[in-house]
Each structure stands twice: as structure tokens, then as C-alpha cells.
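As C-alpha cells, the structure follows; a few thoughts come after it.
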Amino acid sequence: MADGAGENIDESKNDVLDVIWMILGAIVGVVLVTKYVQYARLPHGEKVSVEQGIFALGIFVAPCILSTRIAEIFRIEALRGRMSWGTYWTVLSGMAASIFTFLGVTGIDDIIQVLEYWSSLPKGSP
């Protein structure tokens with residue numbers, strides 16, 4: 001940290017903040033992967049191409065990484081005292097809501113549809 005402020009901050013608090021934003025990113029990632037599987041009509045239990053697998057993995061992992069990285073940047077600014085923690089939570093909550101809306105996750109019904117889709121698939125190995 002450039003100005004030395006906040007260097008002795010408890011790292012466990014930082015880890016908890018990272019996990020909060022990583023979970024939100026994972027929710028978005030799961031919804032995106034589900035929508036991709038549905039729209040691409042990928043067959044359950046059959047092999048997919050390498051490109052399809054990489055794409056699905058990318059759209060799952062990217063929101064986790066991006067949300068955690070954005071939160072880290074703002075957390076550092078809050079620890080330096082350049083913004084209050086209230087501003088941190090306000091800005092990141094607004095960003096999370098905007099990202100969810102932009103990506104099509106507009107309510108709990110989208111998450112419920114994901115759970116229903118995955119639970120409706122045939123059980124057991126192919």
C-alpha cells in the first residue's frame with residue numbers, strides 16, 4: 001500500500017469480504033452456465049467439445065474472478081481511508097445489482113429455475 005495506512009489490518013476480515021463477492025460471482029456463473037447449456041442444447045451425460053467445455057468453464061469462473069477483483073480494489077481504498085466502509089458497501093451492492101441485471105439474473109426466480117433445471121436432469125451416471 002502506497003501510503004502505509006491499513007497495513008496491519010486483520011487479514012481474516014479481508015478473506016470474508018472476498019468470499020462474499022466470490023459467492024455472488026459464483027451465483028451469476030452458475031446461472032450463466034445453465035442458460036448456456038439450455039440454449040446450446042448440450043445433451044446431458046454426453047461428451048461436449050473442448051471448446052464448449054472451455055467456454056462453460058470460462059463463463060462460470062469469470063464472474064467469480066471479476067467480482068472478487070473489483071471488491072479487492074474498493075476494499076484497498078476503504079482500508080487506506082480514501083472511502084468509508086458505508087461507501088464501499090453502497091458502491092459494491094449497486095454494482096452487484098447492476099451486474100446481476102445486465103447478465104439476466106433479475107430475481108430469485110432465476111436462481112430457482114436453475115435449481116429446477118439441474119434437479120430435473122436424469123439421476124446417475126450416463
Side-chain angles (χ1 to χ4, degrees):
M1 295 186 192
D3 60 2
E7 290 193 21
N8 295 324
I9 301 297
D10 182 17
E11 285 298 317
S12 64
K13 181 178 180 181
N14 295 338
D15 293 341
V16 170
L17 292 176
D18 287 345
V19 168
I20 290 170
W21 300 110
M22 191 177 297
I23 289 171
L24 290 174
I27 291 170
V28 171
V30 168
V31 171
L32 289 175
V33 167
T34 303
K35 287 182 178 190
Y36 171 65
V37 167
Q38 289 174 330
Y39 293 133
R41 300 180 193 261
L42 299 179
H44 175 68
E46 294 182 23
K47 291 184 178 184
V48 296
S49 70
V50 173
E51 294 84 7
Q52 290 172 324
I54 290 172
F55 184 73
L57 181 63
I59 62 175
F60 172 72
V61 174
C64 297
I65 293 170
L66 290 174
S67 64
T68 304
R69 181 64 184 131
I70 291 168
E72 178 184 7
I73 291 168
F74 281 101
R75 184 186 69 233
I76 289 169
E77 295 304 312
L79 291 173
R80 288 180 177 170
R82 294 181 181 169
M83 74 167 41
S84 69
W85 284 104
T87 304
Y88 168 87
W89 286 106
T90 301
V91 169
L92 286 177
S93 297
M95 288 177 61
S98 299
I99 291 168
F100 272 55
T101 303
F102 177 74
L103 295 176
V105 183
T106 56
I108 193 71
D109 57 327
D110 291 317
I111 297 169
I112 291 172
Q113 287 176 354
V114 168
L115 295 175
E116 288 174 352
Y117 173 77
W118 290 110
S119 65
S120 71
L121 294 176
K123 306 292 186 248
S125 51

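Worth saying up front: this structure is predicted, and the values here are computed from it rather than measured. Positions are given from 1 along the sequence.
Note on Val114 and Leu42: same hydrophobic cluster, where clusters join Ile, Leu, Val, Met, Phe, Trp and Tyr whose side-chain heavy atoms are under 4.5 Å apart, directly or indirectly. A single hydrophobic cluster is seen to contain both Met83 and Trp85, as judged by linkage of ILVMFWY side chains at heavy-atom distances under 4.5 Å, directly or through other members. Note on Phe74 and Met22: separate hydrophobic clusters, where clusters join Ile, Leu, Val, Met, Phe, Trp and Tyr whose side-chain heavy atoms are under 4.5 Å apart, directly or indirectly. Cluster membership for Phe102 and Val91, using ILVMFWY side-chain heavy atoms within less than 4.5 angstrom, is shared. Cluster annotation: Leu92 and Ile65 are assigned to the same hydrophobic cluster (Ile/Leu/Val/Met/Phe/Trp/Tyr, side-chain heavy-atom contacts under 4.5 Å, transitive).
In this structure, Pro63 and Leu32 approach most closely via the heavy-atom pair CG-CD1, 4.1 Å. Taking each heavy atom of Ala26 and Phe60 in turn, the nearest pair found is O-CE1, 3.8 Å. Of all non-hydrogen atoms in Trp21 and Ser93, the two that sit nearest each other are CH2-N, 4.0 Å. Between Ala96 and Leu24, the shortest heavy-atom distance links the atoms CB-CD1, 4.3 Å.
Counting heavy atoms from C-beta on, the side chains of Val31 and Phe100 never come closer than 4.5 Å.
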Discussion item. Run Glu72 and Thr68 through side chain to side chain contact (heavy atoms under 4.5 Å, CB included) and show every step you take.
Written reply: CA-CA 6 Å; Glu72 178 184 7; Thr68 304; 5.6 Å; no
Worksheet entry | Stepwise side chain to side chain contact (heavy atoms under 4.5 Å, CB included) test for Gln113 and Thr34 | CA-CA 9 Å; Gln113 287 176 354; Thr34 303; over 6 Å; no
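Rounding to the nearest 0.5 angstrom, the gap separating the CD atom in Glu77 from the OG1 atom in Thr87 is 12.0 Å. Between the OH atom in Tyr39 and the CZ atom in Arg41 there is a gap of 10.5 Å [rounded to 0.5 Å]. Note: Asp18 CG to Arg69 CZ = 10.5 Å, rounded to the nearest 0.5 Å. With rounding to the nearest 0.5 Å, the separation of CG in Leu115 from CD1 in Ile108 is 8.5 Å.
In this structure, Ser119 contributes its side chain and Glu116 its backbone to a donor-acceptor pair below 3.5 Å.
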